There are 2 protein chains.
Amino acid sequence: MSEFMDRCAVECFHPETVGRVKGNRLSEEEVRKLSEIFKALGDETRIKLLHALSQEELCVCDLSKVVEMSQSLVSHQLRVLRNLRLVKYRKEGKMVYYSLDDEHIINLFTQGLAHIRH
Amino acid sequence: MSEFMDRCAVECFHPETVGRVKGNRLSEEEVRKLSEIFKALGDETRIKLLHALSQEELCVCDLSKVVEMSQSLVSHQLRVLRNLRLVKYRKEGKMVYYSLDDEHIINLFTQGLAHIRH
DNA sequence: CTAACATATGAATACATATTCATATGTAGA
DNA sequence: TCTACATATGAATATGTATTCATATGTTAG
């Protein structure tokens, strides 16, 4: 309603359609969280990290070798994934092993791949 | 190999593990396209647009009312979605009706929602 | 304790991108 | 033709963020 209702007033506007679709809209919270998750997946480095972890648990050092990026960058990006609870970790001596925290991620990958392969 | 192999040399490095995981890695093309798709979904405005279109075909004017954002912004974001073949359009007189181009998107939403709802 | 190693993090930088504003394009009707 | 309307788009701006570098934290071994 309100400020976006005062344009395009006569011909195009379909009040019932707009009302119907608005009635089914996601909550602001859902929109925020969804975009947060997808934003985390929308980066090549994080895609590579998550895909590697989808195969097996890995320490930071091995992860940085798999994705061929610096340890610093890998640590930074792992923090992003940690904050979103996409990965979890386990300490063993001075090493830290990361793994997926939520196997839903694998399904998102599968769907994404299905899309890009037409 | 090469530049990321010269650190962390003795204790942590697990050559078989790294080799095994690297063997299964996605191609650069797949990584690029996957991140592109997820990047497109990683924005609140585009999430709202796609969710609205997942319900029914809508013209730009009605879309801008549903998501309560300016027509200009909606057009800009629709172009992003168009370029990625996430939406398609149909002209009817001076109006343009948009709809989802690939129903896989709905599955991505479903998986994403499953994630954020624990 | 000290030294070496694995990881984390703060600061700086460079680049991307969401949004707004103004304006252009295209269409229908008078 | 001219006017009104629906949509698209270029430019400008402001904000976000990926990456690098230097350094800090924490752990194990000696």
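By convention in this document, chain letters (A, B, ...) are assigned in the order of the sequence lines, proteins followed by strands, and residues within each chain are numbered from 1. Note that the structure is predicted; figures quoted are calculated from it, not measured.
B:Val80 and B:Leu63 are members of different hydrophobic clusters when ILVMFWY side chains are connected at heavy-atom separations under 4.5 Å.
Atom CE of B:Met69 and atom C1' of D:dT7 are 18 Å apart (whole Å). Distance CZ (B:Arg90) to P (D:dA6): 16 Å, rounded to an integer number of Å. Between A:Gln77 atom CD and D:dT20 atom C1' there is a gap of 12 Å when expressed in whole angstrom units. As a whole-Å value, the separation of A:Glu68 CD from D:dT19 C1' is 17 Å. Regarding A:Phe38, its CZ atom lies at a distance of 15 Å from the P atom of C:dA18, rounded to whole Å. In this entry the distance linking CG of B:Leu81 with P of C:dT17 reads 14 Å, nearest Å. Separating the CG atom of A:Asp62 from the P atom of C:dC5 is a distance of 16 Å, rounded to the nearest angstrom. One interatomic measurement links the two molecules: CZ of A:Arg79 to P of D:dT20, which rounds to 16 Å at whole-angstrom precision.
Comparing D:dC5, D:dT7, C:dT19 by their closest approach to the side chain of B:Val60 singles out D:dT7. Counting only heavy atoms from C-beta on, B:Ser72 has its side chain closest to C:dC21 among C:dT9, C:dC21, D:dT27. Closest to the side chain of A:Lys94, out of D:dT27, D:dA18, C:dT19, is D:dT27.
In this model, the phosphate group of D:dT9 is approached by a side-chain N or O of B:Arg82 to a distance below 4.0 Å at OP1 or OP2.
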Review point. Given A:Glu28 and B:Lys48, is the salt bridge (Lys or Arg N to Asp or Glu O under 4.0 Å) satisfied, shown in steps?
Key: CA-CA 10 Å; A:Glu28 282 300 319; B:Lys48 290 176 186 172; 3.5 Å; yes
Exercise for review: Applying side-chain contact (heavy atoms from CB on, under 4.5 Å), run through B:Gln111 and B:Leu108 and close with a yes or a no.
Suggested key: CA-CA 5 Å; B:Gln111 287 296 328; B:Leu108 284 172; 5.7 Å; no
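At a cut-off of 3.5 angstrom, the base of C:dA6 holds no donor-acceptor pair with the side chain of A:Gln71.
Residues passing the side chain to side chain donor-acceptor pair (under 3.5 Å) test with A:His115, sequence neighbours excluded: B:Asp102.
The residue B:Tyr98 sits close only to the backbone: its heavy atoms come under 4.0 Å of sugar-phosphate atoms, none of a base. Residue A:Tyr97 is classed as having no contact, given no heavy-atom separation below 4.0 Å to the nucleic acid.
Residue A:Arg32 qualifies as enclosed at atom CZ: its count of foreign heavy atoms under 6.0 Å is above 12.
A:Leu34 and B:Leu113 get closest at one heavy-atom pair: CD2-N, 3.8 Å. The two residues B:Glu30 and A:Ile116 have their closest heavy-atom pair at O-CD1, 4.0 Å. Shown here for B:Leu86 and B:Ile37, the closest heavy-atom pair between the two residues is CD2-CD1, 4.2 Å. Shown here for A:Gln55 and B:Arg20, the closest heavy-atom pair between the two residues is OE1-O, 4.3 Å.
Of the residues near DNA chain D, A:Gly93 and A:Lys39, the one whose nearest nucleotide (by heavy atom distance) lies more toward the 5' end is A:Lys39. For the pair A:Glu92 and A:Leu73, nearest-nucleotide mapping onto DNA chain D gives the more 5' position to A:Leu73.
A salt bridge is absent between A:Lys33 and A:Glu36: the closest approach of a Lys/Arg side-chain nitrogen to an acidic carboxylate oxygen does not fall below 4.0 angstrom.
Of the residues in residues 42-50 of chain A, those with a non-hydrogen atom less than 4.0 angstrom from any atom of DNA chain D are A:Asp43, A:Thr45, A:Arg46.
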Every protein N/O lying under 3.5 Å from an N/O of nucleotides 11-15 of chain C:
none

